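Structure first, commentary second.
Predicted model only: the values in this text are computed from it and were never measured. Sequence lines set the chain letters: A, B, ... in the order given, protein chains first and strands last, and positions in each chain run from 1.
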There are 2 protein chains.
Amino acid sequence: MSDILFDRITLIGIGLIGSSIARDIKELGLAREVMISTRSAETLQRAQELELGTAYTVSAAEAVKDADLVIVSVPVGASGSVAEQIAPYLKPGAIVTDVGSTKASVIAQMAPYMPDNVHFIPGHPLAGTEKSGPDAGFTGLFRDRWCIFTPLPETDEVALGKLRGFWEKLGSRIDEMDPEHHDKVLAIVSHLPHIIAYNIVGTADDLGTVTESEVIKYSASGFRDFTRLAASDPTMWRDVCLHNKDAILEMLARFSEDLAYLQRAIRWGEGDKLFELFSRTRTIRRSIVQAGQDVDTPNFGRPTPDQKK
Amino acid sequence: MSDILFDRITLIGIGLIGSSIARDIKELGLAREVMISTRSAETLQRAQELELGTAYTVSAAEAVKDADLVIVSVPVGASGSVAEQIAPYLKPGAIVTDVGSTKASVIAQMAPYMPDNVHFIPGHPLAGTEKSGPDAGFTGLFRDRWCIFTPLPETDEVALGKLRGFWEKLGSRIDEMDPEHHDKVLAIVSHLPHIIAYNIVGTADDLGTVTESEVIKYSASGFRDFTRLAASDPTMWRDVCLHNKDAILEMLARFSEDLAYLQRAIRWGEGDKLFELFSRTRTIRRSIVQAGQDVDTPNFGRPTPDQKK
C-alpha cells in the first residue's frame with residue numbers, strides 16, 4: 001500500500017472518464033478510500049455493482065467531506081452547479097480538479113465558488129472513446145495520453161505537483177497552458193472533428209435520393225469512419241458546443257471558408273488545386289503516426305473479415 | 001486447377017486494388033496466365049518482384065492481346081486513354097471491366113471505344129485502405145465487401161454471370177444499379193467523407209494560433225480519425241472529384257446547409273437542436289455495426305498502449 005497518494009479521493013460523475021479513473025485508482029492502490037457520487041441513483045448503483053469505489057452517495061455535498069482530492073467528471077455545463085453544491089463542504093487544503101473538455105468556461109463556472117483554502121486546478125485528460133457510462137471505462141485509458149492543466153495564476157506549486165503525480169501514476173504525460181489557448185487547441189483537434197462528424201452523419205440521414213439502408217450497407221467506403229465520433233455522448237457534446245462557442249465558431253468559419261475554396265475548385269475542374277491539398281494532408285498523417293498518436297496499420301487495424309472468423 | 005475461370009486475365013494498373021486482385025487470382029488459381037501492365041516501368045518492376053503475375057509489359061495494347069478478362073484499375077481520369085489504347089487489340093468475346101469509383105464518367109470515357117464484339121461491364125469493388133501502390137495490396141481485400149456493377153442496357157447475361165462469378169470467388173457480394181444512382185450513393189458514402197477529411201486536415205494545417213506540432217501532439221482527441229482518409233491517394237481522389245462533379249457538388253451543398261444550421265444553433269446557444277442531432281447520429285452508428293460494416297470495439301479496436309508494448 002506504499003503507493004497511496006491521497007487518503008480519500010472523491011469522484012463526482014462516474015461515466016467513461018470517472019469510472020476509468022476509479023479503476024486505475026483501485027488497481028494502483030492510490031487511495032485508502034474512494035467515494036463515488038453521481039446524480040442518477042441508477043448509475044450510482046451500477047458503479048457499486050462494478051465495485052468502483054469504497055463508498056457511494058447521490059449527494060455531491062456529502063461526497064466531498066474529508067476528501068483530499070475531488071475529481072469532477074461531469075458534462076461541462078454541470079460544472080457550476082457541482083461547484084456550488086460542494087463548496088461549503090470541502091476540506092481545507094483539498095485539491096479540486098475536473099476533466100472537462102473546455103477550460104475557460106469551467107473556470108468561470110467553478111472558480112467563483114471555490115473557497116480560498118482549497119486548491120482548484122482545472123485539468124483535461126485527452127483520452128476517451130465513443131462509448132459512455134460507467135461500464136465503458138477501463139484501466140489504462142490515460143496511459144501515454146496527454147493531460148493538460150490550465151492552472152490559475154495563484155496556484156500552489158505543491159498542490160500542482162501532487163495532482164501531477166496522480167496523473168503520472170495513471171500513465172499520463174502532463175502539459176500546462178492557459179485556458180484560452182487550451183480551448184483553441186481543442187476546438188481544432190477535437191471539437192471541430194466531432195461537430196463535422198455529427199454533421200455529415202446527419203446529412204446522410206436526411207437524403208431522399210439515397211436511402212438510409214444504402215448508406216449503412218456501403219458505409220465501409222469512408223462514411224463509417226465518421227460515425228464513430230458521431231456516436232459520442234450527446235449531452236457531453238452539446239455542452240462542449242455551448243461552452244466553447246467562440247473558439248468553435250472561429251474554427252467552423254475557417255473550415256467553411258476552406259471548403260468553399262475546395263468546392264469551387266471542383267466546380268471549375270481545377271485539378272491542380274485539388275492535387276496540391278490532397279498531397280499536403282498526407283504529410284500530416286505521417287507525422288501523427290511518427291509521433292505515436294495513431295497506428296500505421298491500414299484501416300486503423302480494424303479486424304478484416306478473415307480475422308473476425 | 002479446377003478453379004480456373006479464365007485462361008488469361010490482364011490487369012491494367014497494379015496499385016492497391018489491381019495488386020490485391022492479382023494476389024487473389026494467384027492464391028485461388030483463377031487464371032492460367034495473368035498479364036500485368038502499368039505505365040510506370042518502376043511500378044511494373046515492383047509488381048514483377050512481388051511475382052503478382054505471369055507476364056509483364058508497359059504497353060496496355062500489348063497486354064490485352066488474347067485476354068479473356070481485362071480489369072482496368074487506374075485513376076478514373078485515365079479510363080478513356082486506356083480504352084483508346086486497348087480497343088483495337090481486344091480479343092472478340094473478351095470481358096472488359098474496371099474498378100473506378102465513379103461510373104457515369106467511366107462509361108462516357110470507355111464505352112465509345114469498345115468494339116461491339118467485346119463485353120464491357122463497368123464495376124466498382126467497395127474496398128480499399130488509405131494505402132496505395134502494389135505493395136499495399138493483400139489477399140482477401142474484397143472478402144465480404146460489396147462490388148457494384150452498373151451494366152449497360154445491352155449487356156450479355158452470360159458475360160455478366162462470368163464476371164459475377166469471378167468477384168464472388170474473391171469473396172465479394174454483388175449489387176447492380178444504374179450508373180447515376182451509383183454515383184449519388186458513392187458521393188455520400190465515400191466521396192463527401194474523403195473531401196471533408198481532406199478539408200479539415202487542410203484547415204488544421206493552416207492555423208496560426210495553434211501550431212502544427214500541437215495539432216499532431218493532441219490529435220488522438222478526434223482529429224486523427226480524419227487523417228486516415230486524408231492520406232488516401234491524391235491522384236485517385238483528384239480524379240474522383242473531377243469525374244463525379246455534379247453528385248459531389250450536390251452533397252457538398254447539403255452538407256454546408258446542414259453545417260450552417262448547426263453553426264447557428266451553436267451561436268444562439270440552442271442546446272435542444274444540438275442534442276437532437278447528436279442523439280440521432282448515434283443510431284446510425286449502431287445500424288452500421290449491426291450490419292457488420294464496422295467493429296463495435298471502442299476506437300475501431302486500435303491497439304491501446306498496453307497492447308503495443
Practice task
Check whether Ile248(B) gets within reach of chain A through its side chain, its backbone, both or neither, counting any heavy atom under 4.5 Å.
Solution key: side chain

Fill in the blank from the handout: Comparing His191(B), Lys217(B), Arg224(B), Arg228(B) against chain A, the one with the most heavy-atom pairs below 4.5 Å turns out to be Arg228(B)

Fill in the blank from the handout: The interface call for Asp175(B) against chain A, heavy-atom contacts under 4.5 Å, is side chain

Exercise for the section: Decide yes or no on side-chain contact (heavy atoms from CB on, under 4.5 Å) for Asp296(B) and Lys131(A), but give the supporting numbers first. Expected result: CA-CA 10 Å; Asp296(B) 192 31; Lys131(A) 308 284 181 177; 2.7 Å; yes

Practice task
Examine whether an atom of Glu270(B) lies under 4.5 Å from a heavy atom of chain A, and if so say whether it belongs to the side chain, the backbone or both; otherwise answer neither.
Solution key: backbone

Exercise for the section: Please look at Thr235(B) and chain A and tell me whether the side chain, the backbone, both or neither of the residue comes under 4.5 angstrom of a heavy atom of that chain. Expected result: both

Handout entry: Ring geometry between Tyr198(A) and Phe278(B) (parallel below 30°, tilted from 30 to 60°, perpendicular above 60°)
Key = parallel

Exercise for the section: Could you have a look at Tyr218(B), Trp237(B), Tyr261(B) and say which one has the most heavy-atom pairs with chain A under 4.5 angstrom? Expected result: Tyr218(B)

Exercise for the section: Determine, stepwise, if the pair Thr283(B) / Asp205(A) fulfils side-chain contact (heavy atoms from CB on, under 4.5 Å). Expected result: CA-CA 10 Å; Thr283(B) 318; Asp205(A) 193 28; over 6 Å; no

Handout entry: Most contacts with chain A, counted as non-hydrogen pairs under 4.5 angstrom, among Arg173(B), Lys245(B), Glu276(B)
Key = Lys245(B)

Practice task
First locate atom CD1 of Ile216(A), then atom CD of Gln290(B), and finally report the distance between them rounded to the nearest 0.5 Å.
Solution key: 9.0 Å

Problem - Side chain / backbone / both / neither for Ile288(B) at chain A, heavy atoms under 4.5 Å - result: both

Fill in the blank from the handout: Highest number of heavy-atom pairs under 4.5 Å with chain B among Gly271(A), Gly77(A), Ala187(A) belongs to Gly271(A)

Practice task
Between chain B and each of Glu212(A), Glu257(A), His181(A), His194(A), count heavy-atom pairs under 4.5 Å; write down the option with the most.
Solution key: His181(A)

Problem - NZ (Lys103(B)) with more than 12 external heavy atoms under 6.0 Å - result: yes

Problem - Partner chain B: residue of Leu274(A), Asn199(A), Thr227(A) with the largest heavy-atom pair count (under 4.5 Å) - result: Asn199(A)

Problem - Proximal component of Lys273(B), with respect to chain A [non-hydrogen, under 4.5 Å] - result: neither

Problem - Most chain B-contacting option - heavy-atom pairs closer than 4.5 Å, from Asp258(A), Leu192(A), Thr129(A) - result: Asp258(A)

Practice task
Compare all side-chain heavy atoms of Ile284(B) with those of Phe223(A) and state whether any distance is below 4.5 angstrom.
Solution key: yes

Fill in the blank from the handout: Value for OG1 (Thr209(B)) from CD1 (Ile188(A)), rounded to nearest 0.5 Å, stands at 9.0 Å

Problem - Interatomic spacing from OG in Ser132(B) to CZ in Arg282(A) - rounded to 0.5 Å - result: 4.0 Å

Problem - Most chain B-contacting option - heavy-atom pairs closer than 4.5 Å, from Leu207(A), Leu141(A), Ile195(A), Asp239(A) - result: Leu207(A)

Problem - Region of Thr297(B) in contact with chain A, defined by heavy-atom distances below 4.5 Å - result: backbone

Problem - Closest non-hydrogen atom pair, Ile266(A) against Cys241(B) - result: CG2-O, 3.6 Å

Handout entry: Residue among Ala127(B), Ser232(B), Ala253(B) with most heavy-atom pairs under 4.5 Å to chain A
Key = Ser232(B)

Exercise for the section: Under 4.5 Å heavy-atom distance to chain A, tell me which part of Phe226(B) shows up: side chain, backbone, both or neither. Expected result: side chain

Problem - Residue among Ser213(B), Pro234(B), Gly222(B) with most heavy-atom pairs under 4.5 Å to chain A - result: Pro234(B)

Fill in the blank from the handout: Applying a strict 4.5 Å limit to non-hydrogen atoms, the region of Ser256(B) in contact with chain A is side chain

Fill in the blank from the handout: Of all heavy-atom pairs linking Ala220(A) and Arg145(B), the shortest is CB-NH2, 3.5 Å

Practice task
Measure the shortest side-chain to side-chain distance between Asp225(B) and Asp225(A) over non-hydrogen atoms and say whether it is less than 4.5 angstrom.
Solution key: no

Problem - Heavy-atom side-chain contact between Arg267(B) and Leu249(A) under 4.5 Å - result: yes

Completion exercise
Honestly, the part of Leu126(B) sitting under 4.5 Å from a heavy atom of chain A is side chain

Handout entry: Region of Asp246(B) that comes under 4.5 Å of a non-hydrogen atom in chain A
Key = neither

Completion exercise
Given Arg280(B), Gln263(B), Lys184(B), Arg285(B), the one with more heavy-atom pairs under 4.5 angstrom with chain A than any other is Arg285(B)

Exercise for the section: Please flag which part of Met236(B) lies under 4.5 Å from any non-hydrogen atom of chain A: side chain, backbone, both or neither. Expected result: neither

Exercise for the section: Would you check if Thr203(A) and Leu259(B) make a side-chain contact, meaning some heavy-atom pair closer than 4.5 Å? Expected result: no

Handout entry: Leu186(A) side chain near Ser221(B) side chain, heavy-atom distance below 4.5 Å
Key = yes

Completion exercise
If you tally heavy-atom pairs under 4.5 Å between each of Ser190(A), Ser287(A), Ala291(A) and chain B, the highest tally belongs to Ser190(A)

